[in-house]
Every structure is written in C-alpha cells, then in structure tokens.
Amino acid sequence: MDRYEQVIELAKRRGFLWNSFELYGGTAGFYDYGPLGSTLKRRIEQIWREIYVIQEGFMEIECPTIGIEEVFVASGHVGGFSDPLCECKQCGEAFRADHLIKHIVEEADGLTDEELDRTIAQNGVKCPECGGDLGNTYEFNLMFKTQIGPGNGRKGYLRPETAQGMFVDFLRLARYYRDKLPFGATQIGKSYRNEISPRQGVIRLREFTQAEAEIFIDPRVKTHPNIQRFGNTALNLYSDAAQDKGSSEIMTVREAVDKGIIAHEFLAYQVALVDHFLQRVGISPEKLRFRQHRKDEMAHYAIDCWDAEILTERFGWVEVVGIADRTDYDLSAHANMSKTELSIYIEYEQPRMVEKFVVKPNMGKMGPMFKGKAKVVAEALKALPQEALEKEEIKVSVDGEEFTVPRELVEFTQETIKVSGENIVPHVIEPSFGIDRILYSVMEHAYDEEIVPAKASEGDNEDEARIVLRFKKEVSPIKVAVLPLLTRRELIEPAKEIASRLRDKGLLAAYDDSGTIGRRYRRNDEIGTPYCITIDYDTLEDNTVTIRDRDSMQQVRASVDTIDDVLYELVYRAKKIETAGKPL
RNA sequence: GCGCCGAUGGUCUAGCGGCUAUGACUGGGGCCUUCCAAGCCCUAAACCCGGGUUCGAAUCCCGGUUGGCGCACCA
C-alpha cells in the first residue's frame with residue numbers, strides 16, 4: 001500500500017471520503033464527504049474566509065451554479081472549453097485534431113471542425129499510432145449542458161468555475177464598494193467539468209469545490225499597500241527560468257519583485273497570501289512550491305500566472321491554486337457580449353484641460369432636409385476633420401450613399417474642456433483554489449505512522465504502529481474527546497457534563513466510553529483529534545482530569561473548573577500542553 | 001475514449017469449477033479493567049451488476065459498472 005492508498009483507506013473507513021453512489025456501483029469523478037470529511041472541509045473553508053473575506057475584505061457572494069449561454073460565450077467556455085477530438089477508425093485511439101495538423105497549418109486551434117477534417121483529408125494525415133484512417137472531428141465540451149425551463153427553454157450550463165459570477169456582477173459590486181479600486185469579491189462553491197476520464201480520486205472530480213477571489217485593481221497601480229507584511233517571507237519559487245534549470249529556489253517576496261521574477265507587487269502579495277493560507281491549514285512548507293506558467297502555456301491575455309503546487313507521494317506535484325493577472329480580459333469580454341460598459345470612473349488628481357474639436361450640426365434644419373437619415377448624417381459629420389467642414393459644400397457618405405450638406409448647417413469650434421477623470425477597465429487578479437485537492441493534500445501531509453515501543457512491563461508484546469493524523473489543531477474536525485477511564489456510571493456522568501460544557505464553548509467534542517482507554521486514544525489519533533480528556537476516580541476526589549496531547553502523547557492534570565477555557569486556548573490560541581496543567 | 005490489470009463482510013484478505021465461502025482487524029452487546037489498539041463470552045457483517053457455458057460458477061466466457069496504471073485529454 002502506498003501513501004495514497006493508506007490515506008484513502010483511512011478516509012473511507014473513518015468517514016472522511018466516500019465514493020458517491022456506491023450503493024449503485026459508483027460513478028467516476030464524484031465523491032461524498034462523510035461526517036469528518038465534511039467537517040474538515042468546512043474548517044479549511046472557514047480559514048480561507050478568515051483570510052480572504054475578513055482580513056482582505058473581499059466580501060463573499062453566491063451566484064447560481066447554472067449559467068446561461070451568454071455568460072459562457074463571453075467567457076470563452078462555449079467555444080474554447082472544448083477540444084476537437086478525432087478517433088482512428090482502425091485502432092480507436094482518440095487524438096486532438098488540431099494537434100495532428102500543427103506542423104501543416106499555423107494556428108490550427110482556430111479552425112472549425114470542418115476545416116480540420118478537410119486539412120486532414122487533403123494532407124493525407126493518418127493515425128500516428130497505427131497509420132489507419134481517421135474519423136470525423138467532433139467537439140467534446142467539458143461543460144455539462146442543461147435546459148432552463150420546459151420545452152425549448154433557454155440553454156444552460158453548469159458553471160465550470162465560480163469566477164464568472166463575480167464578473168457578471170461587476171457593476172453591482174463596484175457600486176457596493178462605492179466605485180473605489182481596488183476591491184474584490186469571493187465565492188466558495190461547486191463547479192462542474194465533464195472530464196473525459198476523471199482519475200486519481202479526489203484530485204480530478206466532475207463536481208468540485210472552488211474558492212475564488214476576483215480582485216479588481218487599477219491597471220496603472222499594481223503595487224500593494226501592505227506588501228511589507230510579506231517582504232521578508234521566503235517563497236519556494238519555480239520560475240520560468242528556474243524550470244529551465246530544473247530546480248526551484250527559495251527567495252523572499254521582496255527579492256522576487258525586485259528581480260522582476262513575479263510580474264508585480266500586487267501579484268507577489270497574492271502569491272505570499274496563498275503560501276500563508278496553505279501553511280496555516282497544514283501543508284508542509286517543504287512540499288509546497290509556486291510554479292510560474294511558461295510563456296507558451298499561459299493564456300494569451302494573462303500577464304503572469306503562478307500555480308501553487310503540492311508534492312504528493314503518488315501524483316507528484318499537484319496544482320492546487322492558480323494565481324493569475326488576467327488583465328481586463330474578462331470584463332472586456334462581458335462588456336462586448338452585454339454591450340454594457342464595465343469600467344470604473346477614476347478622477348484625476350488635477351482636472352486636465354483638453355483641447356477638443358467640437359462639431360455641432362443644426363438638427364432643426366437637417367431634420368426636415370434628410371428626414372430619417374438625419375441622425376446618421378449628423379454622426380458622420382462629427383467624424384469629419386476641420387478641413388472638410390470648411391468647404392462650401394460638405395460631402396459625407398453613409399452606407400455608400402452620398403449626402404451634400406450646406407455649410408451653414410454645421411458649426412464647429414475648437415473648445416477647451418475640463419476633464420476631471422476617465423473610465424478605466426480594471427485588471428483582475430485571480431487566486432483560484434481547488435478545495436478538494438487541498439483537503440486531500442492536508443490529509444496526506446498530516447498522515448503519520450509511528451512505531452510505539454512495546455511496554456517493557458508486558459514482556460513479549462511486539463512494537464506496534466500508531467496511525468496519527470497530525471492535523472493543525474484549528475483544522476482537525478473533532479477538537480476534543482471526553483473519555484471516562486472506565487465504563488462506570490460514577491465516571492460517565494461527570495464526563496458527559498464536561499463534554500457538554502466544552503460544546504457550550506463552541507468546541508466540537510466527542511464522547512466515547514466503548515473499549516479500553518488505550519483503544520479510544522488510538523481511535524482519536526487516527527481521526528486527528530488533538531486532545532483527549534480522561535475522567536478517573538481522582539476526578540471525583542480533587543476535581544481534576546487528564547488532558548492528553550495527540551502529537552506527544554504527553555499527559556497533564558488540569559482542573560475541571562476551567563477545562564473549557566483551557567481547551568479553547570489549546571486549540572485556538574496555541575497554548576502549550578505543558579502549560580495546561582501539571583505534567584504526569 | 002483506447003490498452004493492460006483488478007473488484008469477496010466496515011477495512012484488509014484466503015479461496016480460482018463441487019456441501020451451509022477463509023482468516024485477521026474493526027463494529028455492536030456483556031464480563032473484567034485506575035491511562036495508550038490487553039483478556040474472556042456473545043453478536044452482526046461479503047462473492048460489483050447483467051447475460052452465457054456447466055449437473056453445478058465467487059471461480060470459466062461475454063457485456064456493463066467501477067478502481068489502479070499507461071496512452072490520450074485536462075485546472
């Protein structure tokens with residue numbers, strides 16, 4: 001069993017991750033989160049919210065998971081999120097049709113399926129595997145398609161990313177943030193991609209959870225006001241240049257910006273923030289790197305893009321977060337599609353005086369003269385240069401039709417106008433997180449098996465393995481287990497009382513009295529419960545309990561009176577176990 | 001989507017044409033038990049689905065589903 005299997009086996013057995021629809025044989029690409037998995041996921045999301053929503057101030061919104069066609073035409077997903085596939089008639093292999101003719105045609109990815117088929121036929125392209133004839137090209141779109149409303153209702157698609165919601169709501173968001181850049185909005189939710197063949201468990205799903213932030217910034221101001229917070233933070237960067245050498249390098253955020261390795265300060269801040277988040281949820285820093293997209297893999301509109309990659313035992317480096325400067329691509333695309341200006345008005349520090357040539361057609365006279373064409377003629381006049389307007393007879397042509405306008409119908413002046421600002425289409429910085437992949441990585445990095453030496457007192461016992469999920473305390477699903485040492489009523493009752501007080505404090509506390517105490521400790525180790533509280537007969541005497549620390553197996557004796565506050569501080573305030581009571 | 005390999009209680013597994021399917025761990029109930037998977041008793045729990053071959057199929061064949069890997073594809 002490799003590490004992946006060990007983690008998945010534990011996850012299945014203990015209620016973290018289950019294959020969906022198992023009762024009916026299962027379906028690839030879908031996973032259920034069991035009680036502990038669901039709780040773990042929520043804790044990760046909650047930390048994400050603390051950082052992005054509370055600290056950074058990017059308010060969370062919630063948009064439908066179904067989108068209408070226009071949205072995904074604008075985003076490019078309808079046209080671009082599919083691949084032209086063609087299969088060999090002989091051996092059945094599937095190929096990207098555009099890849100097959102790359103060496104024949106420039107820009108093969110811009111061709112239609114028909115053009116691809118024609119090119120393949122004309123050049124006698126055969127199956128690269130077996131040399132057989134190739135079938136017709138068909139589009140495989142990764143979006144799930146659906147119908148909105150009955151009959152021939154409107155076409156709908158399950159969103160392949162949450163991002164579009166923030167773009168579509170841009171004007172409302174701008175208004176909410178009182179038209180001041182920068183501002184951002186976030187969304188945590190499900191996205192859907194009909195993967196051709198999902199594999200690797202929870203690494204590639206057909207329905208998955210994304211956490212995305214869309215941060216709208218002034219394209220001319222890509223500094224970050226708070227950059228000093230991360231100035232000395234060391235990042236493991238696998239830059240474009242480093243990839244040529246084949247090894248990543250550790251450098252500070254400041255260095256990366258100064259050397260121009262990360263495109264600009266604002267993006268660098270976001271990379272550092274992702275680093276901060278991933279380490280806080282429990283990703284091992286030595287198994288984390290940021291890989292820069294190579295020039296040829298980056299979307300054409302993006303300026304710079306970094307992926308957070310996590311090292312896993314079976315799958316190697318897995319991309320879990322993408323951080324991109326997407327420029328004004330998305331807003332411009334939606335502006336074109338919706339015919340609505342998506343911009344922010346930014347006032348200059350000083351109003352500028354601008355010379356402007358103004359043409360004023362006399363509509364009172366032009367109306368009767370040109371009737372229905374008056375408006376378009378006037379528009380055409382406004383576009384003419386001064387020389388043309390100074391002629392005795394002004395000629396304009398509209399839609400191939402010539403119009404002659406008497407000179408006295410048009411006035412023009414050179415005016416000085418005060419301009420106090422301009423409309424700017426913001427650039428978008430987008431950190432996009434794959435929560436499911438992060439959750440798996442957190443589990444894998446937390447997974448530990450250690451050998452516990454056999455007790456000398458019991459002689460012939462063999463050493464045994466202790467499986468521990470060493471979750472960060474604030475991430476672990478269950479915070480504390482309350483255990484009566486023995487299954488006796490006089491111990492059970494106070495134990496249940498303590499559990500209930502811990503719950504009042506907001507701590508997820510489990511109560512367990514089945515089996516021996518050792519067995520219960522191990523059970524809790526396996527699901528990553530950081531602390532166990534044991535009630536024994538001394539508790540009845542002196543009102544103290546044992547607190548046991550998961551990682552060190554250390555035990556201290558603490559008073560019942562303040563046990564809820566002590567546990568809270570242990571879990572959320574990084575209080576040390578040694579300071580929680582008298583060592584045993 | 002193609003190819004190769006697999007699918008047996010909750011988990012891991014034995015069986016690979018022949019009576020009521022092996023074992024371990026886990027789970028539940030009880031006894032016992034004063035701190036790290038102890039012991040004893042009881043108990044629950046499985047042949048992925050559908051066809052076929054055969055007197056007889058968990059076992060062989062075909063198809064499907066599903067998992068892993070390789071190819072292809074992919075944020």
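Values in this document were obtained by computation on a predicted structure and should not be read as measured data. Throughout, a chain's letter reflects where its sequence line sits, starting with A, and its residues are numbered from 1.
Under the Watson-Crick or G-U wobble criterion, with both distances below 3.5 Å, rC40(B) is paired with rG30(B). Across all strands shown, nothing is found opposite rA21(B) as a Watson-Crick or G-U wobble partner with both distances under 3.5 Å. In a base pair of the Watson-Crick type (N1 to N3 plus N6-O4 or O6-N4) or a G-U wobble (N1-O2 and O6-N3), with each distance short of 3.5 Å, rC2(B) is matched with rG70(B). Base pairing of rA7(B) is made with rU65(B), judged by Watson-Crick or G-U wobble geometry with both donor-acceptor distances under 3.5 Å. Across all strands shown, nothing is found opposite rA46(B) as a Watson-Crick or G-U wobble partner with both distances under 3.5 Å.
At distances below 3.5 Å, at least one donor-acceptor pair connects side-chain atoms of Q243(A) with backbone N or O atoms of Q292(A). R3(A) places no side-chain N or O within 3.5 Å of a backbone atom of E444(A) that could act as its donor or acceptor partner. A donor-acceptor pair under 3.5 Å is absent between the side-chain atoms of T546(A) and the main chain of R557(A), judged by distance alone.
Of the C1' atoms belonging to rG1(B) and rC19(B), the separation is 46 Å, rounded to the nearest Å. If you take atom C1' in rA24(B) and the same atom in rG68(B), they sit 25 Å apart, rounded to whole Å. Comparing the C1' positions of rA14(B) and rU22(B) gives a spacing of 5 Å, expressed to the nearest Å. For the P atom pair drawn from rC47(B) and rU11(B), the interatomic distance equals 13 Å after rounding to whole Å. rC62(B) and rU53(B): their C1' atoms are spaced 11 Å apart (whole Å). Comparing rA46(B) with rA7(B), their C1' atoms sit 12 Å apart, to the nearest whole Å. Taking atom P in both rC42(B) and rC5(B), the straight-line distance is 45 Å, to the nearest Å. Look at the P atom in both rG9(B) and rG64(B): the space between them is 23 Å, to the nearest Å.
Counting all heavy atoms, side chain and backbone alike, R520(A) lies closest to P484(A) at NH1-O, 2.8 Å.
Looking at heavy-atom distances under 4.0 Å, G322(A) makes no contact with the nucleic acid at all. Across all strands, R548(A) comes closer than 4.0 Å to base atoms (heavy-atom distances). Here D307(A) lies in heavy-atom contact (under 4.0 Å) with a base. Nucleic acid contact for E22(A): none, since no nucleic acid atom lies under 4.0 Å from a heavy atom of the residue. Within the nucleic acid shown, G201(A) comes within 4.0 Å of sugar-phosphate atoms alone, with no base atom in reach, counting heavy atoms only. Counting non-hydrogen atoms under 4.0 angstrom, E430(A) reaches nothing in the nucleic acid. Across all strands, Y4(A) comes closer than 4.0 Å only to sugar-phosphate atoms, never to a base (heavy-atom distances).
Of the candidates rU11(B), rC69(B), rU33(B), rU33(B) carries the atom nearest the R488(A) side chain, counting heavy atoms from C-beta on. Taking every side-chain heavy atom of D536(A) into account, rU34(B) is the closest of rU34(B), rC69(B), rU33(B). Across rC74(B), rU66(B), rU11(B), the shortest atom-to-atom separation from the side chain of E195(A) is found for rC74(B). For R522(A), the side-chain atoms get nearest to rC36(B) when compared with the rest of rG67(B), rC69(B), rC36(B).
Put simply, CD on E5(A) is 12 Å from C1' on rC69(B), counting in whole angstrom units. Atom pair L10(A):CG and rG10(B):C1' shows a separation of 13 Å (rounding to whole Å applied). As rounded to whole Å, 10 Å separates atom C1' of rU34(B) from atom CZ of R557(A). For E490(A) and rU34(B), the CD to P distance is 12 Å, given to the nearest whole Å. Residue R520(A) contributes atom CZ, which lies 15 Å from atom P of rU33(B) at whole-angstrom precision. At whole-Å resolution of the value, CZ in R206(A) and P in rC73(B) are 17 Å apart. In this structure, L485(A) atom CG and rU34(B) atom C1' are separated by 5 Å, rounded to whole Å. In this structure, D512(A) places its CG atom 8 Å from P of rG28(B), rounding to the nearest Å.
Place S432(A) and F315(A) on RNA chain B by their nearest nucleotides, and F315(A) ends up nearer the 5' end. Of the residues near RNA chain B, R13(A) and Q554(A), the one whose nearest nucleotide (by heavy atom distance) lies more toward the 5' end is R13(A).
Between the side chain of R204(A) and the base of rC73(B), at least one donor-acceptor pair of N or O atoms lies under 3.5 Å. The base of rC49(B) does not come close enough to the side chain of Y24(A) for any donor and acceptor atom to sit less than 3.5 Å apart.
Ionic pairing of R550(A) and D448(A) is not present here: no N-O contact between side-chain nitrogen and carboxylate oxygen is shorter than 4.0 angstrom. Contact check on E450(A) versus R470(A) returns a salt bridge, with a Lys/Arg side-chain nitrogen under 4.0 Å from an Asp/Glu carboxylate oxygen.
Phosphate contact (OP1/OP2 of rA38(B), side-chain N/O of R519(A), threshold under 4.0 Å): present. A sub-4.0 Å separation between OP1 or OP2 of rC69(B) and a side-chain N or O of R314(A) is present. Contact between the side-chain N/O atoms of T546(A) and the OP1/OP2 oxygens of rC35(B) is not found at any separation under 4.0 Å. Phosphate contact (OP1/OP2 of rC36(B), side-chain N/O of R523(A), threshold under 4.0 Å): absent.
Ring geometry, H334(A) versus F167(A): the interplanar angle falls from 30° to 60°, so the pair is classed tilted.
With values rounded to the nearest 0.5 angstrom, I498(A) atom CD1 is found 4.0 Å from I535(A) atom CD1.
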